[in-house]
Amino acid sequence: MSGKSNDEQQQPAPRRGKALEALARAERQVFTRPALKFAKAQVKFLLTQAKGSTKALAERLGVSRRTVERYRAGKLTTPQKHLHAALVEGTESDRQPQVRAQAREQAATSSGMMVDVTAHFGVTCKGSSDDGRERQITTAISPT
């Protein structure tokens with residue numbers, strides 16, 4: 001035996017990552033300017049964040065330095081799925097830091113925030129009325 005009770009072994013640990021991703025999505029909703037849509041614009045923005053270093057940006061995106069240069073020049077326009085995801089994530093995480101800071105400050109001081117969660121409640125017993133159901137819970141969280 002491992003020394004843990006059955007309850008400890010069966011219950012999954014809470015996932016902080018999902019909560020942090022949800023908070024990041026909420027921050028992106030307060031942006032005042034639309035997201036960059038084209039790969040060339042995204043690469044140019046990320047290059048300014050990397051202080052013009054194509055090597056640093058290539059390492060961050062997981063591509064070659066030459067690929068970054070091709071997107072900057074506009075010779076490549078449609079990125080592969082993994083590169084597209086990295087470009088979107090990179091631009092969304094670095095854009096409008098002051099707007100993001102203001103949203104955090106407002107949530108922490110005056111208005112708090114709304115949390116919307118979808119969860120599965122009930123006993124898993126197929127075919128009975130006790131079968132688990134998915135519920136959506138929305139609640140306001142005070143800044144304190």
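Surrounding NE2 of H82 are more than 12 heavy atoms belonging to other residues, nucleotides or ligands, all under 6.0 Å away.
Taking the side chain as every heavy atom from C-beta outward, L46 and L61 approach each other to under 4.5 Å. Here the side chains of V63 and Y71 are not in contact, with every heavy-atom distance at 4.5 Å or above.
Residue V88 is not grouped with residue L57 when hydrophobic side chains (ILVMFWY) are merged at heavy-atom distances under 4.5 angstrom, including chains of intermediate members.
In this structure R60 satisfies the salt bridge (Lys or Arg N to Asp or Glu O under 4.0 Å) test together with D94, sequence neighbours excluded. Applying the side chain to side chain donor-acceptor pair (under 3.5 Å) criterion to T67, with sequence neighbours excluded, gives S64. For T138, the side chain to side chain donor-acceptor pair (under 3.5 Å) test picks out D116, with sequence neighbours left out. Partners of E69 according to the side-chain contact (heavy atoms from CB on, under 4.5 Å) rule, which considers only residues two or more places apart in sequence or in another chain, are T54, R65, R66, R72.
The list of side chain to side chain donor-acceptor pair (under 3.5 Å) pairs with a residue in residues 35-53, not counting sequence neighbours, is empty.
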